[in-house]
Novice: 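I have a structure here, written as structure tokens, and I will follow up with some questions on it.
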Amino acid sequence: MQKKQFKLLILLFLISQQLFSQFLSTNNGLFTGSLESSTQRYYSDNQILANLPLDAFASNNYMLLNYSSGKFSVGLQYEAYLPPLLGYSPQYKGSGITHKYVSYQSDFLSFTAGNFYEQFGSGLIFRSYENRQLGINNSMNGVNIRLKPVDFFTVKMIYGKQRKYFTESSGLLRGLDADLDIGTMLRFDNGINLRLGASVINKFEVYTGADPLFPSSVNAYSGRLDLNLAKFDFSTEYVHKDADPHDLNYDWFKTGSALLAVFSYTEKGLGMNLSLRRLENMDTRSERAAIENESMVNYLPANTKQHKYGLANIYPYNSQAIGEIGGQYTLFYRLKKGSFLGGKTGTKFNLNYSLYKSLETYDLTENEGFRSNFFSFGNELYYQDFNIEVNKTWSKKLKTNFGYINQHYNKGQVEGGSHPIVHSNIVFIDALIKLKKKRSARLELQHLSTAQDMKNWASVLVELNFAPSWTFYASDMYNYGNDNDKIHYYAIGTSFVKNTHRIELAYVRQRESLLCVGGVCRQVPAFKGLSLNISSSF
Amino acid sequence: MKNYFLLICLSLSTISSLSAQNKLPNIPIETLSGEQINASDLSNNGNPIIVSFWAIWCKPCISELEAINDIYEELQAETGVKVIAISVDDARSYAKVKAIAFGNDWPFEMYFDKNQNLKRALNVLNIPHTFLLNGKGEIVWQKNGYMPGDEDELFEIIVNPLNH
């Protein structure tokens with residue numbers, strides 16, 4: 001480029017920048033956005049069966065821009081998968097604007113045209129959301145209205161189609177949700193509240209086949225109740241779905257149902273929670289031919305503890321929408337400072353137990369699949385997890401977290417195929433050592449022992465933090481005790497953070513795994529390579 | 001090559017000159033007892049507010065809340081600051097949020113952002129993500145991630161906002 005031309009370009013750029021900023025400030029508007037980019041370079045590794053893809057590079061990129069002025073906002077999201085990272089569906093390959101919307105928000109009325117995310121109740125009947133880590137984006141394209149005529153009553157409406165990669169699902173979704181806050185309406189005392197809610201969802205996907213009874217239109221209905229009585233909380237939700245034959249439920253003409261009930265008790269230093277859930281034929285898709293995580297209409301996360309430590313996530317439960325029954329109990333308890341066991345600084349306990357089993361079924365029929373007894377447990381164990389964590393602050397310089405986990409994982413049921421139940425015992429210790437005011441080190445040691453599947457694992461992680469910006473880490477997960485190769489899966493990396501900007505570089509050798517976030521899972525193949533992640537918001 | 005680099009720098013400066021997310025938007029969030037309120041209505045009588053986005057499964061988030069809790073009394077006495085912790089837990093874990101808050105004896109004001117609408121509107125990509133609002137409710141500082149010692153920086157900024 002000629003020097004003169006370049007100077008002219010800079011001049012134009014500065015003028016436009018000024019004009020643009022002025023336009024935005026005179027309109028009292030806000031311009032915000034974010035950028036997220038993950039790029040990987042793969043290398044082949046025969047020991048972990050990591051095959052080199054045709055293109056050794058892959059990159060996922062997301063850019064979101066929002067502009068808002070007063071009650072109005074507009075925005076768009078651009079995505080580019082060049083090509084998608086290993087483990088993401090190859091159907092993501094390409095780039096384009098995937099999300100665009102215009103929205104008006106006031107206390108009385110909110111209105112969005114274009115793409116939007118929404119949830120009814122706890123999501124058992126309907127949830128559209130984005131999870132980039134899992135490659136899930138089932139945002140709606142259509143219209144979303146929220147009306148709040150009085151401060152205790154809200155009605156929400158959705159109408160549109162769900163996103164599927166760079167296209168849309170073939171079925172139409174429309175739904176209504178109403179929420180009545182009786183506590184606010186009757187001006188109950190503080191700490192006491194009662195809310196009622198109801199939703200209905202209709203999906204329509206034209207059926208052109210030969211079966212005259214096959215439904216093109218399917219309805220689902222739900223009712224819910226939330227009650228707070230100072231220290232006690234109770235909430236429940238029930239969903240009924242009409243017969244909804246599709247590929248993933250073997251085209252059964254069978255109604256579906258979901259029941260969730262949660263009890264909690266809380267007081268200073270103590271929190272308890274019991275959550276029970278039963279699912280029967282609740283996998284709901286806005287396209288009958290959907291597979292994997294495509295076109296999901298509702299959200300059915302595993303009702304179990306989401307573990308924070310690596311080895312505890314080797315065997316993660318994934319809810320069985322076709323039929324499961326069970327629940328989990330959680331306790332958080334703090335021993336007071338100065339008490340005999342609490343010591344100088346206090347000690348915290350967290351205990352959790354979850355159990356999931358098959359439904360008790362009878363009358364197995366070809367057309368309907370099965371029938372079941374509503375409140376009975378079947379004989380097959382799907383998942384059981386008992387875990388306890390003890391968190392102790394020894395001094396200003398040392399904090400530790402010890403734990404023990406006992407898991408029983410029905411690998412055949414969760415992942416498919418024929419496998420024995422995996423019984424595992426895990427112990428871990430996590431120590432945070434503050435070296436100086438802004439320097440700290442973290443050491444994590446974990447061990448998993450099992451006689452099944454891939455046998456034993458040991459893991460170590462060392463992390464050095466230099467607040468507020470630098471982190472260096474190295475980790476190794478060692479698989480041993482089996483007759484095959486003893487394998488080290490390692491990672492070494494660094495990250496730099498400046499306010500809302502973050503860059504991370506790592507070299508990793510990763511095992512094939514089931515990556516689960518919020519209860520939805522994605523299979524990640526084994527790979528070895530360099531990984532660069534950049535994220536920034538402004 | 002140099003020229004292109006300059007151009008890229010200028011583009012970035014344009015973007016950063018527009019970084020003006022100065023208040024919490026008018027988006028509904030829920031209290032622990034399920035009442036809906038608007039994020040734009042959060043206030044602290046003219047004193048600063050720390051807003052922390054967290055979730056029960058996020059280890060550094062809990063470490064951050066614990067670290068702030070350790071210095072909270074001192075911080076409140078000196079600056080009148082209030083901590084608002086906004087959980088982005090979804091249906092898998094939000095029922096446990098009240099239990100962990102009471103079990104750990106956290107004195108913070110807590111809300112739910114169950115389908116992450118507020119998180120998205122504030123361009124929060126990963127959690128923890130912490131905002132500092134001044135007495136007028138304007139966002140004056142924010143940070144993604146937590147490492148031990150960050151709470152000291154936050155303390156310094158609240159006490160001496162002009163130095164940052």
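The structure presented is a predicted model; accordingly, all values stated were derived computationally and were not measured. By convention in this document, chain letters (A, B, ...) are assigned in the order of the sequence lines, proteins followed by strands, and residues within each chain are numbered from 1. Computed over heavy atoms, backbone and side chain alike; hydrogens, waters and symmetry mates excluded.
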Novice: So what's closer than 4.5 Å to chain B heavy atoms on A:T330: side chain, backbone, both or neither?
Specialist: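 Side chain only.
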
Novice: Determine whether the side chains of A:N391 and A:N350 contain a donor N or O and an acceptor N or O closer than 3.5 Å.
Specialist: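 No pair is found: no donor N or O on one side chain lies under 3.5 Å from an acceptor on the other.
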
Novice: Can you say whether A:K148 sits under 4.5 Å from chain B via the side chain, the backbone, both, or neither, judging by heavy atoms?
Specialist: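 Side chain only.
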
Novice: Of the listed residues (A:W470, A:Y62, A:F152, A:F116), which shares the most heavy-atom pairs with chain B below a 4.5 Å separation?
Specialist: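 Max contact count across the listed options: A:W470.
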
Novice: Taking A:S128 for its side chain and A:E118 for its backbone only, find out whether a donor-acceptor pair lies under 3.5 Å.
Specialist: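 Yes.
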
Novice: Should B:E64 and B:T130 be marked as a side chain to side chain donor-acceptor pair (under 3.5 Å) after you check the CA-CA gap, both sets of side-chain angles, and the distance that decides it?
Specialist: CA-CA 9 Å; B:E64 179 180 41; B:T130 306; 2.7 Å; yes

Novice: Once rounded to the nearest 0.5 Å, what's the spacing between atom CG of A:L196 and atom CZ of A:F153?
Specialist: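 A:L196 CG to A:F153 CZ: 11.0 Å, rounded to 0.5 Å.
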
Novice: Is it the backbone or the side chain of A:S73 that comes under 4.5 Å from a heavy atom of chain B, or both, or neither?
Specialist: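 For A:S73, there is no contact with chain B at all, as no heavy atom is under 4.5 Å.
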
Novice: How many angstroms lie between atom OG1 of A:T32 and atom OH of A:Y67, to the nearest 0.5 angstrom?
Specialist: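 Between A:T32 OG1 and A:Y67 OH, I get 11.0 Å after rounding to 0.5 Å.
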
Novice: To the closest 0.5 Å, what do you measure between CG (B:D90) and CG (A:N131)?
Specialist: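 It comes to 9.0 Å.
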
Novice: Below 4.5 Å from any heavy atom of chain B, which atoms of A:K268 appear? Answer side chain, backbone, both or neither.
Specialist: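 Its backbone and side chain both get close to chain B.
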
Novice: Do the side chains of B:P128 and B:C58 get nearer than 4.5 Å, heavy atoms only?
Specialist: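 Contact flag for B:C58/B:P128 side chains = yes.
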
Novice: Between B:K114, B:Q116, B:E151, B:E35, which residue shows the highest count of heavy-atom pairs closer than 4.5 Å to chain A?
Specialist: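 Among B:K114, B:Q116, B:E151, B:E35, the one with the most close pairs to chain A is B:E35.
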
Novice: Identify which part of A:T500 has an atom lying under 4.5 Å from any heavy atom of chain B, answering side chain, backbone, both or neither.
Specialist: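 Contact with chain B is through both the backbone and side chain of A:T500.
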
Novice: Picking from B:F102, B:W106, B:Y146, which has the most non-hydrogen pairs under 4.5 angstrom with chain A?
Specialist: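 Counting heavy-atom pairs under 4.5 Å, the top option is B:F102.
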
Novice: Who among A:S122, A:P468, A:S34 has the most heavy-atom pairs with chain B under 4.5 Å?
Specialist: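 Option with the top pair count is A:P468.
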
Novice: Under 4.5 Å from any heavy atom of chain B, what part of A:F466 do you find: side chain, backbone, both or neither?
Specialist: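 When you check distances to chain B, only backbone atoms of A:F466 fall under 4.5 Å.
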
Novice: Is A:S106 close to chain B through its backbone or its side chain, or both, or neither, when contacts mean heavy atoms under 4.5 Å?
Specialist: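 The backbone, not the side chain.
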
Novice: So for A:E267, is it side chain, backbone, both, or neither that comes closer than 4.5 Å to the heavy atoms of chain B?
Specialist: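 Answer is backbone: N, CA, C or O of A:E267 sit under 4.5 Å from chain B.
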
Novice: Below 4.5 Å, heavy-atom pairs only: which of A:E130, A:M272, A:K396, A:K438 has the largest tally toward chain B?
Specialist: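 Option with the greatest count: A:K438.
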
Novice: Measure B:D89 against the heavy atoms of chain A and call it side chain, backbone, both or neither at under 4.5 Å.
Specialist: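 Answer is neither: B:D89 stays 4.5 Å or more from chain A.
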
Novice: Salt bridge or not between B:D152 and A:K434? Use side-chain N to carboxylate O under 4.0 Å.
Specialist: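 A salt bridge is present here (some side-chain N lies under 4.0 Å from a carboxylate O).
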
Novice: Look at A:N273, A:T266, A:N228, A:N465 and state which one has the largest set of heavy-atom pairs under 4.5 Å with chain B.
Specialist: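 Sorted descending by pairs with chain B, the first entry is A:T266.
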
Novice: Side chain, backbone, both or neither: which part of A:N499 has a heavy atom under 4.5 Å from chain B?
Specialist: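 For A:N499, backbone and side chain are both near chain B.
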
Novice: Between B:I100, B:D150, B:N26, B:D105, which residue shows the highest count of heavy-atom pairs closer than 4.5 Å to chain A?
Specialist: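 The candidate making the most pairs under 4.5 Å is B:I100.
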
Novice: Taking every heavy-atom pair that is under 4.5 Å apart, which of A:R127, A:K71, A:Q328 has the most such pairs with chain B?
Specialist: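 Counting heavy-atom pairs under 4.5 Å, the top option is A:R127.
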
Novice: Between chain B and each of A:L227, A:T304, A:T154, count heavy-atom pairs under 4.5 Å; write down the option with the most.
Specialist: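 Winner by heavy-atom pair count: A:T304.
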
Novice: Give, as side chain, backbone, both or neither, the part of A:S110 having an atom under 4.5 angstrom from any heavy atom of chain B.
Specialist: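 Neither part, no heavy atoms under 4.5 Å.
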
Novice: Look at the aromatic rings of A:Y117 and A:H99 and report parallel, tilted or perpendicular, splitting at 30° and 60°.
Specialist: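 Geometry flag for A:H99 against A:Y117: parallel rings.
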
Novice: Could you tell me which portion of A:K498 (side chain, backbone, both or neither) has an atom closer than 4.5 angstrom to a non-hydrogen atom of chain B?
Specialist: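 For A:K498, no heavy atom lies under 4.5 Å from chain B.
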
Novice: Quick one: pull up CG in B:N44 and CG in B:N134 and give me the separation to the nearest 0.5 Å.
Specialist: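 One gets 11.5 Å once the value is rounded to the nearest 0.5 Å.
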
Novice: Is A:L124 in contact with chain B via its backbone, its side chain, both, or neither, using a 4.5 Å heavy-atom distance?
Specialist: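 When you check distances to chain B, no heavy atom of A:L124 falls under 4.5 Å.
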
Novice: Would you please say whether a donor-acceptor pair under 3.5 Å links the side chains of B:N115 and A:Y299?
Specialist: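 Distance-only check fails for B:N115 and A:Y299.
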
Novice: Mind checking the CG-CG spacing from B:D113 to B:L122? Nearest 0.5 Å is all I need.
Specialist: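 Separation between the atoms: 8.5 Å.
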
Novice: Measuring heavy-atom distances to chain B, does A:D430 have an atom under 4.5 Å in its side chain, in its backbone, in both, or in neither?
Specialist: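 Side chain only.
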
Novice: Can you tell me which portion of A:T184 sits under 4.5 Å from chain B's heavy atoms? Options are side chain, backbone, both or neither.
Specialist: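 Contact with chain B is through the side chain of A:T184 alone.
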
Novice: Top residue by heavy-atom pair count (under 4.5 Å) with chain A, among B:S33, B:A91, B:G149?
Specialist: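 Of the options given, most contacts go to B:S33.
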
Novice: Taking the basic N atoms (NZ, or NE/NH1/NH2) and the acidic carboxylate oxygens, is any pair closer than 4.0 Å for B:E66 and A:K348?
Specialist: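 Here B:E66 pairs with A:K348 in a salt bridge, since their nearest N and O are under 4.0 Å apart.
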
Novice: Is B:L125 in contact with chain A via its backbone, its side chain, both, or neither, using a 4.5 Å heavy-atom distance?
Specialist: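 Only the side chain of B:L125 comes within 4.5 Å of chain A.
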
Novice: Side-chain contact test, heavy atoms from C-beta onward, threshold under 4.5 Å: evaluate it for A:L225 versus A:L194 and give yes or no.
Specialist: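 Of all side-chain heavy-atom pairs linking A:L194 with A:L225, at least one is under 4.5 Å.
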
Novice: Return the orientation label for the A:F349 and A:Y333 ring planes: parallel under 30°, perpendicular over 60°, tilted otherwise.
Specialist: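 Plane angle under 30°, so parallel.
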
